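Let me begin by presenting the structure, written as structure tokens, before commenting on it.
Below, chains carry the letters A, B, ... as their sequence lines are ordered, and counting in each starts from 1. Just so you know, these numbers come straight off a predicted model, no measurement behind them.
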Amino acid sequence: MKRCLSILFAAALLFAASAAPAATPDNALVMAWQFDDIITLDPAEIFEFSGAEFAGNAYDRLIGYDVDNVEEIYGLAAESWEVGDDGKTYTFKIRKGMTFSSGNPVTAEDAAFSLQRTVILNKSPGFILTQFGFTADNVREKIKAADDHTLVLETDKAYAPTFVLYCLTSTVGSVVDKKTVMAHEKDGDLGHAWLRTNYAGSGPFALNAWKASELLMLDANETYWDGAPAMKRVMIRHIPEPATQRLLLEKGDIDIARNLGPDQIKGLTGNADIKIHSAPKGGIFYLGFNQKHPILSKPQVRQALKYLVDYQGMADSILKGTMVVHQAFLPKGFLGALLETPFSFDPEKAKKLLADAGHPDGFTVSMDTRNNFPTLDMAQAIQSSFAQGGVKVEILPMDGKQALTKYRARNHEIYIGRWGPDYQDPHTNADTFASNPDNSDDAAAKPLAWRNAWDIPEMTEKTQAAVRERDPKKRARMYLGLQKEHQQRSPFVIMFQDIEVAAERANVENFILGPSFDSNFYRFVTK
Amino acid sequence: MFDRLRTLTGGRAFRVLVKILGILVSVALTFLGLLFVTFIIGRVVPIDPVLAAVGDRAPDAVYERVRMELGLHLPLYQQFWIYLTKVFQGDLGRSVLTANPVAADILRVFPATLELATAATIIGVILGVPMGVTAAVHQGRWPDGVFRVVGLFGYSVPVFWLGLMGLLLFYGKLGWVPGPGRLDVFYEGILESKTGVILIDSALAGDWIIFRNALSHLILPSAILGYFSLAYISRMTRSFMLEQLNQEYITTARVKGVAEWRVVWVHALGNVWVPLVTVIALSYGNLLEGSVLTETVFAWPGLGFYLTKSLLSADMNAVLGSTIVVGSVFIGINLLSDAVYRLLDPRAR
């Protein structure tokens with residue numbers, strides 16, 4: 001037995017010696033990231049944060065926007081575009097000389113096919129295109145290639161061109177290789193079953209390996225039309241535990257850790273080998289007051305509660321750099337975003353407003369809360385700040401999907417939640433926060449305004465007008481006005497905007513964190 | 001008909017045949033019950049599997065279509081029946097979360113768990129049994145005390161904490177072992193997967209660099225997990241040994257002048273192996289279910305992590321597929337330990 005043990009010990013030491021950590025190679029990017037939300041790699045189906053980031057790096061979309069100035073839209077697979085006088089016809093000139101990883105050339109036919117299949121398959125993000133009147137029956141007529149390098153798209157109505165263009169900057173605007181995809185078609189699925197776990201794109205990186213919740217490996221596209229990336233390979237490993245991510249980063253075994261919590265980030269400050277990189281993201285945290293509730297439906301009460309949230313206190317104590325105070329329904333990074341924050345914690349003012357509303361001694365109300373970080377922590381902070389105005393909050397913690405089911409049935413009193421935009425156009429949030437075409441219980445559409453039973457025919461009309469405005473500057477002004485009115489009147493207390501934080505080794509440069517997840521780019525990274 | 005069979009095959013062969021048939025029927029019934037209970041639990045928990053497939057923000061039309069595609073509008077018994085007929089055709093369905101066939105997913109995650117659990121059990125047995133024996137021999141004295149404290153620690157400290165501390169010390173501070181994962185990321189995708197167990201695959205391919213790398217990655221997680229099985233095995237060994245050491249045949253052996261090491265390690269331990277095999281088999285079975293916390297800390301893509309994630313998203317095909325695997329493991333281990341039992345104990349033959 002003794003001999004056996006000594007052999008084991010010697011073996012352990014031998015292998016330990018060989019396992020000394022080394023820095024990552026100069027031309028490879030190694031990243032730790034929680035990407036277990038990826039359920040598909042097909043751009044016609046991708047609607048998750050991590051999946052969108054994959055598509056943003058591996059596929060070329062028709063067009064993109066400048067991550068520092070969202071008003072600037074530029075061409076990717078399409079080098080130029082025109083909007084017809086009728087406001088319904090969009091003509092894109094497809095860039096010449098681009099090739100897919102298969103070697104096939106990128107043509108207008110591929111672009112048309114990609115958009116058509118998104119409409120025909122109509123998966124979760126399909127509505128981003130079908131909202132322009134495309135259906136499985138008409139899409140082959142309405143979106144087609146006029147020649148090898150001209151794509152023509154015809155919407156059902158004249159929308160704001162920026163609305164149509166911003167929608168095409170999202171993942172559904174990715175161009176897939178028609179020949180490769182159709183070679184794998186089964187039972188008329190347009191290659192969907194195959195593309196869910198495979199790749200047929202022309203982006204700066206091509207998929208090398210994919211193992212769900214384990215590994216995502218991308219190789220540089222050496223013939224990329226805009227220049228080959230400096231990183232020849234990007235290796236991303238799913239590391240679920242943030243503490244483990246931090247350890248890997250400190251040891252230099254990875255270049256970037258993507259999911260550190262406030263505490264880990266704090267622990268890294270002062271470490272010269274590591275820098276913290278952050279950028280605002282589109283998600284916003286808000287409270288929704290159900291307007292079926294007799295007290296919450298009083299305007300002064302809604303106003304009072306907006307003064308009973310300790311915005312800055314929460315940002316400093318709980319969120320520590322992972323969110324920033326933001327009080328309008330369009331997050332920073334969107335066309336027409338309102339950056340003013342008129343509300344701050346003011347219990348005296350709130351008490352006065354509550355007395356005016358006939359509740360000088362406050363009232364009791366319940367709040368449906370997802371039992372995760374930071375929702376529950378925020379709910380507790382709000383419970384204590386509301387109490388200073390005499391409002392007693394009963395927190396009802398529950399599973400996320402359970403909370404959502406209750407919210408969708410309008411059975412809550414106060415709901416605390418997060419909302420992420422579906423695409424990079426202001427209409428995505430305006431349409432849910434400031435539009436409610438039918439407030440009846442069996443309405444077909446269930447935007448957030450409906451979920452909180454907020455009946456707003458006039459504001460709905462304004463939201464619809466903004467989405468038809470063809471002048472971008474005027475359109476931006478319309479959203480500013482809409483947000484100002486919404487900020488004061490609505491039953492929503494918009495509190496914070498997400499900040500995405502990546503911790504990087506000091507030698508990593510130019511990892512781009514854009515305003516949405518499909519605009520986090522690896523192609524400019526150098527080390 | 002049975003009589004004819006009996007005459008045709010002869011009495012002994014017939015008995016064996018009936019026995020095998022009996023085992024098969026009981027295995028089939030066990031599986032059916034297991035699947036049924038898992039299926040019902042999966043369907044009554046207040047988690048909507050459609051949300052896992054389409055996300056929170058899908059339009060209602062898409063939501064409804066996916067609900068129909070998943071067959072969730074049908075009555076429960078019908079859903080179960082459809083699932084069962086598919087399983088009998090060898091189709092475990094597709095996972096909603098990974099978009100892969102469940103069978104392919106399991107073939108990927110189970111070998112990872114198998115590798116870890118086997119290494120952990122080997123550590124648990126190699127260290128746990130001698131510790132238990134030594135503690136029993138020195139009952140009430142310091143070696144007993146030390147081993148009991150070691151065992152108690154293994155029982156009461158959360159594996160999650162121990163895993164993180166292990167990483168911090170042996171990887172972070174001392175640099176003796178590599179970080180989490182089954183391989184350094186640079187070795188990923190080089191080796192062709194035949195069995196899925198990297199140690200075996202790399203040895204078959206003669207790729208000793210990958211073999212060493214995989215082994216060095218295995219040391220820490222298997223040691224941590226092995227510590228927990230060690231705690232259990234040493235405790236059980238100690239109590240089995242104490243029981244044996246008080247038996248008359250031990251006294252007889254000592255009186256006859258048999259050397260003390262022989263009395264302990266051959267006579268007493270020889271008789272302890274029989275119940276101990278069951279204990280070890282059960283502990284191995286538990287590890288084969290996957291240890292979700294260890295897998296999370298060490299980013300080990302095993303069955304526990306896969307099963308837990310599928311459960312929380314009500315990804316029922318994946319949950320049921322994993323249940324079949326876990327069920328098979330337990331039934332297999334039980335049959336195996338029965339066989340070993342017979343081998344070790346002549347009375348059971």
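- For Val66(B), no part sits under 4.5 Å from any heavy atom of chain A, backbone or side chain.
- The number of heavy-atom neighbours closer than 6.0 Å to CD1 of Ile190(B), taken from other residues, nucleotides and ligands shown, is above 12.
- With a 4.5 angstrom heavy-atom cutoff, Leu168(B) touches chain A via backbone and side-chain atoms both.
- Contacts between Arg182(B) and chain A at a heavy-atom distance below 4.5 Å involve the backbone alone (N, CA, C, O).
- Counting only distance, with no hydrogens or angles, the side chain of Lys251(A) and the backbone of Tyr171(B) share a donor-acceptor pair below 3.5 Å.
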Go through it in stages, so that I can follow the logic: the residues are Leu164(B) and Thr244(A), the test is side-chain contact (heavy atoms from CB on, under 4.5 Å), and I'd like the CA-CA distance, side-chain angles, deciding distance and then a yes or no. CA-CA 7 Å; Leu164(B) 274 178; Thr244(A) 313; 4.0 Å; yes
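- Between Glu188(B) and Arg237(A) there is a salt bridge, with a side-chain nitrogen of the basic residue lying less than 4.0 Å from a carboxylate oxygen of the acidic one.
- Your options are Val109(B), Leu167(B), Asp105(B), and the one with the most heavy-atom pairs under 4.5 Å with chain A is Leu167(B).
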Let's go through Lys123(A) and Arg65(B) carefully: what are the C-alpha distance in whole Å and the side-chain angles of both, what is the deciding distance for side-chain contact (heavy atoms from CB on, under 4.5 Å) to 0.1 Å, and is it a yes or a no? CA-CA 10 Å; Lys123(A) 298 292 175 186; Arg65(B) 197 191 60 220; 4.1 Å; yes
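- For chain B, the option among Val30(A), Asp36(A), Thr197(A) with the highest count of heavy-atom pairs below 4.5 Å is Asp36(A).
- Leu195(A) does not touch chain B: none of its heavy atoms, backbone or side chain, sits under 4.5 Å away.
- Residue Met165(B) qualifies as enclosed at atom CE: its count of foreign heavy atoms under 6.0 Å is above 12.
- When heavy atoms are compared at a cutoff of 4.5 Å, Phe160(B) approaches chain A solely by way of its side chain, counted from C-beta outward.
- Contact record, Pro180(B) with Ile239(A): CG-CD1, 4.4 Å, taken as the closest heavy-atom pair.
- The side-chain heavy atoms of Arg196(A) and Asn100(B), taken from C-beta on, include no pair separated by under 4.5 Å.
- The greatest number of non-hydrogen atom pairs below 4.5 Å with chain B, out of Thr432(A), Asn208(A), Leu215(A), is found for Leu215(A).
- Of the listed residues Gly163(B), Ala99(B), Ala299(B), the one with more heavy-atom pairs under 4.5 angstrom with chain A than any other is Ala99(B).
- Only the side chain of Phe305(B) comes within less than 4.5 Å of a heavy atom in chain A; its backbone stays farther off.
- At distances below 3.5 Å, not a single donor-acceptor pair connects side-chain atoms of Arg108(B) with backbone N or O atoms of Lys211(A).
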Step by step, would you call Phe186(B) with Met235(A) a side-chain contact (heavy atoms from CB on, under 4.5 Å)? CA-CA 8 Å; Phe186(B) 307 102; Met235(A) 282 169 276; 3.5 Å; yes
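- Of the two parts of Ile38(A), only the backbone, made up of N, CA, C and O, holds a non-hydrogen atom closer than 4.5 Å to a non-hydrogen atom of chain B.
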